[in-house]
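Everything on this sheet refers to the single structure shown next.
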Amino acid sequence: MQTTEIRIEGMSCEGCVKNISSVLAALPGVCAAEVSLEKASADVEFDPAQIDRAALCAAIEDAGFDAS
Ligand code: 9UX
């Protein structure tokens with residue numbers, strides 16, 4: 001298992017946090033995701049055999065946010 005911090009721009013309320021949390025949790029290979037509005041970031045624990053960091057960022061971008 002691997003953990004990464006992803007910078008997220010564009011979150012303005014806890015609804016965004018919930019939405020991104022759901023998006024990440026639904027991805028195969030993601031075991032935990034902690035999204036923070038005040039830190040503007042997400043700590044994601046994932047299985048590198050199933051998904052990579054770029055795919056995590058892409059999923060967040062698809063939800064309408066900037067991820068890096
Ligand atoms: Mo809050 Mo975010 O009204 O996508 S849910 S701004």
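Every number for a ligand or one of its atoms is a count from 1 in the order of the listing. This is a predicted model, so every value here is computed, not measured.
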I'd like to know whether Leu37 forms a side-chain contact (heavy atoms from CB on, under 4.5 Å) with Cys16, so could you lay out the CA-CA distance, the side-chain angles of the two residues, the decisive distance to 0.1 Å, and finally the verdict. CA-CA 8 Å; Leu37 178 60; Cys16 301; 5.7 Å; no
For Met1 and Asp47: C-alpha separation, side-chain torsions, deciding distance, then whether side-chain contact (heavy atoms from CB on, under 4.5 Å) applies. CA-CA 5 Å; Met1 224 46 77; Asp47 177 2; 3.8 Å; yes
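Formation of a donor-acceptor pair under 3.5 Å by the Arg53 side chain with backbone atoms of Pro48 is not found in this model.
Sparse packing is recorded around CD of Glu34, with 12 or fewer heavy atoms of other residues, nucleotides or ligands lying under 6.0 Å away.
Listed by chain and number, Ser12, Cys13, Gly15, Cys16, Asn19, Phe65 each place a non-hydrogen atom less than 4.0 angstrom from ligand 1.
Of all non-hydrogen atoms in Leu24 and Ala42, the two that sit nearest each other are CD1-CB, 4.3 Å.
Interatomic distance, Glu14 CD to Ser36 OG, rounded to the nearest 0.5 Å: 8.0 Å.
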